[in-house]
Amino acid sequence: MTTPDDQDGLEAQFAQWRHYVQRRRELQRCDAEELEDHLRGSVDELVAVGLRADEAFLVAVKRMGSLDDLSREFAREHSERLWKQLVLTGESDSPVTDSRSRRDLLAMVACAAGAAASIKVPELFGMSLEEDGAFYAPNVGLFTLPWLAAFLAWRRHATKALIGVLLALFALGTVAANAYPLTDDSQSVVLTSIHLPIALWFVVGLAYVADDLVSSRRRMDFIRFTGECFVYYVLIALGGGVLIAFMFGTFEAIGISPEHFISQWLLPCGAAAAVVVAGWLVEAKQSVVENIAPVLTRLFTPLFTAALLAFLVALVVTSAGIDVEREALILFDLLLVVVLGLLLYSISARDPLAPPGLFDKLQLALVVSALVIDVLVLVEITGRITEYGTTPNKAAALGENVILLANLAWSAWLVLGFVRRRTPFAAIERWQTGYLPVYAAWAWIVVLVFPPLFNYL
């Protein structure tokens with residue numbers, strides 16, 4: 001016999017379980033309701049034989065088995081759903097959801113068309129991709145990311161105040177890319193071309209979390225969105241490459257060269273529009289890609305760990321120093337960012353209630369290896385700046401590596417505590433999501449402060 005308090009607590013547990021089930025996109029609403037009915041029946045049977053409500057719930061959930069296994073079983077039994085999810089806007093049990101999917105599709109088409117048109121607007125003023133690379137490179141993010149942010153802000157029902165903030169930040173990015181009279185060979189052009197898209201991507205993130213600005217879970221969702229958007233964009237690019245190859249072959253077979261159309265229209269407009277399409281695909285087709293997260297992290301984490309350890313061993317054996325020229329700095333920073341990305345992506349895909357295991361220890365080795373390499377790079381950069389003076393590239397790399405050092409060091413400590421069962425997994429998630437504004441702030445500093453600082457002073 002359950003008391004009213006027990007019943008309230010049991011319903012709260014069911015609500016939490018239901019929320020977790022609904023994140024498994026392999027399971028449609030009718031599937032989730034079927035599972036919940038089965039779970040409730042098991043709980044009632046266990047309560048009838050004398051268990052308390054909370055005990056009965058835990059035992060019933062345990063008997064049901066892994067939700068991942070259940071999801072895979074449903075996917076096998078209803079394999080046609082995967083194909084439908086790939087080619088349709090989504091199927092649901094609700095007419096309201098279907099209507100929303102159609103509106104999302106129309107909004108995506110409008111924003112993608114806007115991005116494609118934006119990339120051609122400079123040509124109205126006499127510019128071209130071939131001759132004005134110094135203009136297009138810093139501005140490439142401004143042609144595409146505002147449209148993706150617009151789609152996400154529309155989908156999240158962003159407030160007017162937040163829309164105003166988004167517009168102000170994109171306007172600030174426009175000023176940063178175009179206000180400074182830089183020469184084509186200026187290091188600040190390269191730095192702005194690299195860092196402004198990063199700064200603007202965090203503006204996109206602000207639009208993504210517009211429905212819950214203070215939630216660490218939503219910020220972690222944005223990290224997952226970033227990775228999955230990249231996956232979809234690569235898939236679109238590969239498909240576009242096949243399309244271009246066929247166009248070249250078929251049109252040249254009849255004596256028509258499509259080179260001008262492809263280079264001046266298809267490639268730039270398609271690349272710009274694909275950014276919005278990739279974002280829409282992540283939103284509309286999450287079930288297709290969400291299981292890629294654990295696959296990618298479990299595949300590449302041991303590979304990158306082995307590569308970093310091999311590099312450190314080679315560094316010790318050969319006693320060779322680290323080259324800190326521009327290309328090498330970019331390469332090492334990219335490596336460290338990839339390592340951090342693997343950590344973030346694995347956190348976003350991990351079951352927070354699962355106990356630490358071998359994979360968590362492997363991640364600890366990866367983070368520690370990256371931390372050691374970051375320290376070595378910082379030592380080399382500091383030595384070069386002390387001996388030869390600073391440059392925009394070295395100053396930017398110094399700041400980035402200091403930021404990465406702080407994050408990697410505390411991440412290593414938190415992961416170590418989690419492996420030793422002394423730190424809750426939620427602490428790692430809160431730290432990583434709370435650190436995102438630091439990256440955004442540094443990217444904005446590089447694009448706003450570095451050009452006048454290094455070119456005028």
Colleague: For the residue pair Leu162 and Leu206, establish whether any side-chain heavy-atom pair is separated by less than 4.5 Å.
Modeller: yes
Colleague: Give me the atom names and distance for the closest heavy-atom approach of Ala177 to Leu196.
Modeller: CB-CD2, 3.6 Å
Colleague: Evaluate the side chain to side chain contact (heavy atoms under 4.5 Å, CB included) criterion for residues Leu308 and Leu335: first the C-alpha distance (whole Å), next the side-chain angles of each, then the deciding distance (0.1 Å), finally the verdict.
Modeller: CA-CA 9 Å; Leu308 294 186; Leu335 176 64; 3.5 Å; yes
Colleague: Looking only at non-hydrogen atoms, find the nearest pair between Leu364 and Ala412 and report the distance.
Modeller: CD1-O, 3.5 Å
Colleague: Taking the side chain as every heavy atom from C-beta outward, state whether Asn401 and Leu405 have any atom pair closer than 4.5 Å.
Modeller: no
Colleague: Which distance, rounded to the nearest 0.5 Å, do you find between the CG of Asp221 and the CZ of Arg219?
Modeller: 11.0 Å
Colleague: Do Gln432 and Ser411 have side-chain atoms, one donor and one acceptor, less than 3.5 Å apart?
Modeller: yes
Colleague: Quick check: do Asn393 and Leu191 have side-chain heavy atoms less than 4.5 Å from each other?
Modeller: yes
Colleague: Specify whether Tyr208 and Phe222 have parallel, tilted or perpendicular ring planes, treating 30° as the upper limit for parallel and 60° as the lower limit for perpendicular.
Modeller: tilted
Colleague: Test side chain to side chain contact (heavy atoms under 4.5 Å, CB included) on Ile244 and Leu267; report intermediate values, then the result.
Modeller: CA-CA 9 Å; Ile244 290 172; Leu267 274 177; 3.4 Å; yes
Colleague: Side-chain contact, heavy-atom cut-off 4.5 Å: Asn178 with Pro138?
Modeller: no
Colleague: Compare every heavy atom of Ala207 with every heavy atom of Arg156, then report the nearest pair and how far apart it is.
Modeller: CG-O, 3.6 Å
Colleague: To check you understand the geometry: which heavy-atom pair defines the closest contact between Leu148 and Gly279, and what is its length?
Modeller: CD1-CA, 4.0 Å
Colleague: Looking at Lys361 and Pro356, would you say the former's side chain and the latter's main chain have a donor-acceptor pair under 3.5 Å?
Modeller: no
Colleague: Could you check whether any side-chain N or O of Thr433 sits under 3.5 Å from a backbone N or O of Arg430, counting only pairs where one atom can act as donor and the other as acceptor?
Modeller: yes
Colleague: Mind checking the NZ-OG spacing from Lys120 to Ser128? Nearest 0.5 Å is all I need.
Modeller: 9.5 Å
Colleague: Taking all non-hydrogen atoms of both residues, which atom of Thr144 and which atom of Ala115 are closest, and how far apart?
Modeller: CA-CB, 4.3 Å
Colleague: Is the number of heavy atoms from other residues, nucleotides or ligands under 6.0 Å of Glu123 CD greater than 12?
Modeller: yes
Colleague: So Val165 and Leu169, side chain to side chain contact (heavy atoms under 4.5 Å, CB included) or not? Walk me through it.
Modeller: CA-CA 6 Å; Val165 171; Leu169 289 174; 4.0 Å; yes
Colleague: Show the nearest heavy-atom pair for residues Trp444 and Leu200, with the distance to one decimal.
Modeller: CH2-CD2, 4.0 Å
Colleague: If you define the side chain from C-beta out and look only at heavy atoms, does anything of Glu400 sit under 4.5 Å from Val337?
Modeller: no
Colleague: Can the ring centres of Trp431 and Tyr435 be said to be less than 6.0 Å apart?
Modeller: yes
Colleague: In the structure I gave you, are the side-chain heavy atoms of Pro122 and Phe143 within less than 4.5 Å of one another anywhere?
Modeller: yes
Colleague: For a 4.5 angstrom cut-off between non-hydrogen side-chain atoms, does Val277 reach Tyr233?
Modeller: no
Colleague: Is Asp44 reaching over with its side chain to a backbone N or O of Gly41, donor-acceptor style, under 3.5 angstrom?
Modeller: no
Colleague: Within this structure, what is the CZ-CG distance for the pair Phe151 and Asp104, rounded to the nearest 0.5 Å?
Modeller: 5.0 Å
Colleague: Show the numbers, then the answer: is there a side chain to side chain contact (heavy atoms under 4.5 Å, CB included) between Leu145 and Phe170?
Modeller: CA-CA 9 Å; Leu145 297 183; Phe170 280 117; 4.2 Å; yes
Colleague: Say you draw a straight line from CG of Leu378 to CD1 of Ile373; how long is it, rounded to the nearest 0.5 Å?
Modeller: 12.5 Å
Colleague: Is there a side-chain contact between Tyr439 and Ile198, using heavy atoms and a 4.5 Å cut-off?
Modeller: no
Colleague: So how far is it from Leu408 CG to Ile403 CD1, rounded to the nearest 0.5 Å?
Modeller: 11.5 Å
Colleague: Which distance, rounded to the nearest 0.5 Å, do you find between the CG of Asn139 and the OG of Ser118?
Modeller: 11.5 Å
